[in-house]
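Have a look at the structure below, then the notes.
Throughout, a chain's letter reflects where its sequence line sits, starting with A, and its residues are numbered from 1.
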Number of protein chains: 2
Amino acid sequence: MKTKSSTTIRDVARLANVSIGTVSRVLNDRPAVSEKTRGRVRSAIEELDYTPNPIARQLSIGRSLTIGIIQPYITLPSYIERLHGVQNVLANSEYDLVIFNVDNPAQRNAYFKDLSYKIRVDGVLIVSLPPSDEQVEYFSKARIPIVLIDAYHPKMFCIIADDVKGARIATRHLLKLGHRKIAYLSDYVDSPFHPSMKYRFLGYREVLKEAGIPFNPAYVIEGPRGRTNAQAMAKQLLELKDPPTAIFAACDTQAIGVIDAAQEMGLKVPERLSVIGYDNIPDAAYHNLTTIDQSLQDSGARGAQMLLDVLGDPKKSPCTQYVNINLLRRKTTAPPPS
Amino acid sequence: MKTKSSTTIRDVARLANVSIGTVSRVLNDRPAVSEKTRGRVRSAIEELDYTPNPIARQLSIGRSLTIGIIQPYITLPSYIERLHGVQNVLANSEYDLVIFNVDNPAQRNAYFKDLSYKIRVDGVLIVSLPPSDEQVEYFSKARIPIVLIDAYHPKMFCIIADDVKGARIATRHLLKLGHRKIAYLSDYVDSPFHPSMKYRFLGYREVLKEAGIPFNPAYVIEGPRGRTNAQAMAKQLLELKDPPTAIFAACDTQAIGVIDAAQEMGLKVPERLSVIGYDNIPDAAYHNLTTIDQSLQDSGARGAQMLLDVLGDPKKSPCTQYVNINLLRRKTTAPPPS
DNA sequence: CTGAAAGCGCTAACAA
DNA sequence: TTGTTAGCGCTTTCAG
C-alpha cells in the first residue's frame, strides 16, 4: 500500500535549501544550527504546514513515547480521580497516555501478557491490579518499567495507601464518638479488582478487637459496587432487630447509598446514624460526608512521576511510596443517639 | 540513542535459515510459502519468543493501525455504553483504539486542530461534539476519515439519534396517561457538550403545543448533570404551589435523581409522580425507570463499523445513519393521581 | 555549522 | 517458492 502523500522532512529541506540533517536538528532544538538557517527552516516548515511523522521518529529513536495505563472500571469516580492525577503530570512530559480498560480477569491477564510484546509502550502504570508472582515474571521479560498504583508487590515500584491504617482511623473516629455498634459495608472483600477492600476490613476488625468489642458478623455486609446496591444493603443492616448506630462504608459511593437508605427510612444522619466513607471522591463533599481522604489525584500524579523517573534512569531499583491518608470530618458523623 | 536489543525479524530469519522476506510473509500469512519453511519459521519465532515491532510495521505500511475516539466525560454511563459498542466492533478488527478525553472546550479545540497533524491515527470517532464549519475545514485538511457519533454535520459521516422524536415519544406517553402538568428537567439546554439537550427540549415543547397545553416556564428547570443535582432540582419543581404530576428528565441519571427527590418528600412513584428518563443506561433497569432507549451500544458499534467501512473504501461519500429509538415502559409512569 | 550516509525493523516489489 | 533490495520518515554519527 502506498503511503499518504504528506509532506516530509525532505520537502522542508528542499524548500529551505539545507540537508534533512539540518531540518532534523531544528526540529529537535539542537543548538548546532546558525540562527540564519534555523530561521529559514522554520519558515519552510510554516509554509508547508509540515509536521513530523511521529512513527518514523519513534522507530528511529527506538521509543514509542507513549505510556500505557491498565486499570479496571474507568467509570468509577475514584479511578477517574487518579487518572486526572496521571494526566496532569504526563501533560508536561513528552509522553502520550493510552488507556487500557479492564472489564474482567481474562482481559487483565491478556494485557499483562501482551505487555511483553504486543503493547509497545515505553512504560506502564497498573492500577489496582495486584500481579501474581508469575505475572511479575512476564513483566520482567517485557523489560519495560512498570509502576503499580494501589497495589503492591515487593519486586516492583509501587504507590500505595495504607488501607489498614485508613480503616483504623475511620473506625477509631466512630469509636471515639461513642459508637459501639459499628457496621461495615463494602464491596466484595475478596474481589480481585479491589484489593483494598480486604485491608480496610482488617483495619476495622483490628480496632474493634482493641476496643474489646466482639465481632458481630451480622454487622458486616458486602455486595456489588454502586450507590443503589449499597442503599439496599444498608437497609438490611438498619432493619436488624439491633441495628448499628454507625456504618463504615468502604467507599464513598457506597456511603452515599447508605445515606440514601437512612433517608428512605426516615433516620436522620448523623443524629440517628453516623456514616463514614472512604476515598474522598468529589461527590463526598457535596453530601457533607465524613470520609478518609487518600489523596487520589496525588497517587496518580506520584505514580506517573515515579514512572517518568524510572524512564529517565532505568537503573533505579524498586521502591514503594506511601500516599497520605487522613480523616476528613464533615457532617455525617456524631455521637450515637442516647 | 541505542535501540532496545530486542529480537528482530533478522534474528528469526537467521535461526530459521531463510530470508527476512520469507519471515515477513509468514508473519503476514501470505500464501506463497511452503508448509515446510513456514513451519521452520514458526518454530524459530516461538523459540526466540519473537514479536514484530509494530512501529516498524506501521512506518512501512504507512498506517498507524489505530483509531482515535474523542469524547467528553468518559465517566458518564451513557458514554461508557457507547464506548463498549465501539470496542466490541474494533476488537475484531486490526485497529487499536485510543481514547482522547475532553474535559473542556479548549481541549476539544486542541484535539480538533491536532487532528490535522499531531495525532497520527488512521481514523477518528468524535462523540457528542458537533464541529463548527471552520473545524470541518481542519478535518478535511487532516485527510483522515472521521465519523461523528451523536452529532451532525452535513459534510460528515454521522450516526445520530433523532432526539426531537425521542422527546416527542416520551412526552406523548405522559400525555396519553392523562398528565397535563408535565415538567422538563435537564442538563443545560445550551451546553456545547450535550447538543441533544436542545433537541429533546424542542420535542417536549412541540408535543405540549400540539396538545394545546400552554408552556409553563416554571415547569422547566436545568442544571448540572449528576444524580444529586437532579434531586435538588426536582425538589424545587415538586415544591411549587402547583407541582407537576410528571417529570420528563432529559437523561436517566437525572431521572434517578428525581426519584430520589420524590422518595425524600414521601411521594410515591408512580402513584403520585410519574418519571420518565432518557438513554436507557444500565442503572435504569435497576430503578425500573420508564425511559427512551436510544440504543447507545449500537450507536457506538455502528459508528465504529462505519469508520471501518470508510477506511476500507475511502471514496465513500458522507452519509448519516439514524439509530433506533423506542419507549421502554417500566414502572415509573402511570396515570396522574385523580 | 552543515551535509552525507547509515541505520531503526519492517513490507513489498522484483528477480531468480 | 524464495531471496534481494529499495524504501517508509526520521535521527544521528562522522566528515568536512
Side-chain angles (χ1 to χ4, degrees), chain A residues 1-42 44-45 48-66 94 117-120 122 143, chain B residues 1-42 44-45 48-66 94 117-120 122 143:
Chain A
M1 180 158 293
K2 211 51 197 309
T3 177
K4 259 202 302 283
S5 64
S6 57
T7 97
T8 81
I9 198 172
R10 236 168 289 273
D11 301 316
V12 177
R14 197 173 310 126
L15 181 60
N17 236 310
V18 296
S19 75
I20 62 168
T22 301
V23 176
S24 175
R25 280 186 274 266
V26 350
L27 245 24
N28 294 285
D29 282 317
R30 296 272 183 274
V33 179
S34 78
E35 275 316 310
K36 226 179 104 220
T37 53
R38 188 184 299 273
R40 221 151 15 103
V41 172
R42 287 249 167 80
I45 288 176
L48 294 174
D49 198 15
Y50 165 75
T51 128
N53 178 332
I55 294 182
R57 168 154 216 271
Q58 287 162 22
L59 178 60
S60 189
I61 67 179
R63 299 187 298 152
S64 67
L65 297 183
T66 102
E94 54 180 342
Y117 61 104
K118 199 181 146 214
I119 301 175
R120 288 292 165 129
D122 293 332
R143 308 174 138 280
Chain B
M1 175 155 299
K2 210 53 198 309
T3 176
K4 262 201 300 279
S5 64
S6 57
T7 98
T8 80
I9 198 172
R10 235 168 291 272
D11 300 316
V12 178
R14 196 172 311 128
L15 181 60
N17 239 310
V18 296
S19 73
I20 61 168
T22 301
V23 177
S24 175
R25 282 187 272 266
V26 350
L27 246 23
N28 295 285
D29 282 318
R30 297 271 183 272
V33 180
S34 79
E35 276 316 312
K36 228 180 102 215
T37 54
R38 189 184 298 273
R40 226 155 5 109
V41 172
R42 287 250 167 80
I45 289 176
L48 294 173
D49 199 13
Y50 164 76
T51 127
N53 178 331
I55 295 182
R57 168 154 215 270
Q58 287 162 22
L59 178 59
S60 189
I61 66 178
R63 298 186 299 151
S64 67
L65 297 183
T66 103
E94 55 180 342
Y117 61 104
K118 200 181 147 215
I119 301 174
R120 288 293 166 128
D122 292 333
R143 309 173 136 279

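- Partners of B/Thr37 under the side chain to side chain donor-acceptor pair (under 3.5 Å) rule, at least two apart in sequence or in another chain, are B/Ser34.
- In this structure, A/Leu27 places its CG atom 12 Å from P of D/dT12, rounding to the nearest Å.
- Separating the CD1 atom in B/Ile61 from the CG atom in B/Asp122 is a distance of 8.0 Å, to the nearest 0.5 Å.
- Take the nearest nucleotide of DNA chain D for A/Ser24 and for B/Ala56: the residue whose nucleotide is more 5' is B/Ala56.
- Under the salt bridge (Lys or Arg N to Asp or Glu O under 4.0 Å) criterion, B/Arg38 pairs with B/Glu35, sequence neighbours left out.
- Protein atom CG of B/Leu65 is 12 Å distant from nucleotide atom C1' of C/dT11, rounded to whole Å.
- Checked against salt bridge (Lys or Arg N to Asp or Glu O under 4.0 Å), B/Arg14 has the following partners two or more places apart in sequence or in another chain: B/Asp11.
- Of all non-hydrogen atoms in A/Tyr50 and A/Thr8, the two that sit nearest each other are CE1-C, 3.5 Å.
- One can place CG of B/Leu59 at 6 Å from C1' of D/dG9, the figure rounded to the nearest angstrom.
- Proximity of residues 14-22 of chain A to DNA chain D (heavy atom under 4.0 angstrom from any strand atom) is restricted to A/Ile20, A/Gly21.
- Counting to the nearest Å, the P atom of C/dA5 and the CZ atom of A/Arg10 are 13 Å from each other.
- The side-chain contact (heavy atoms from CB on, under 4.5 Å) search around A/Thr66 returns A/Ser64, A/Asp96, A/Val98, A/Val121, not counting sequence neighbours.
- Between the CZ atom of B/Arg63 and the P atom of C/dC10 there is a distance of 17 Å, given to the nearest Å.
- Within a heavy-atom distance below 4.0 Å of DNA chain D, the residues of residues 28-41 of chain A found are A/Asn28, A/Arg30.
- Between the CG atom of B/Asn53 and the P atom of C/dT11 there is a distance of 10 Å, rounded to whole Å.
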Can you list, pair by pair, the side-chain donor-acceptor contacts under 3.5 Å of residues 20-29 of chain A, counting residues two or more places apart and other chains?
residue : atom : partner : partner atom : Å
A/Thr22 : OG1  : A/Ser19 : OG           : 3.4
A/Asn28 : OD1  : A/Arg57 : NH2          : 3.0
A/Asn28 : ND2  : A/Ser24 : O            : 2.9

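- Axis angle, first five pairs versus last five pairs of the helix from C/dC1-D/dG16 to C/dA16-D/dT1: 40°, rounded to 10°.
- Looking at heavy atoms from C-beta onward, B/Val12 lies in side-chain contact with B/Leu48 at the 4.5 angstrom threshold.
- Summarising the geometry, the separation between CD on A/Gln58 and P on D/dT11 is reported as 11 Å, rounded to the nearest angstrom.
- Proximity of B/Ile55 to B/Leu59: side-chain heavy atoms (C-beta onward) are nowhere separated by under 4.5 Å.
- When the P atom of C/dC10 is taken as reference, atom CZ of B/Arg25 falls 15 Å away, rounded to whole Å.
- For B/Ile61, whose side chain is taken as the heavy atoms from C-beta onward, the closest listed nucleotide among C/dT11, C/dA13, D/dT11 is C/dT11.
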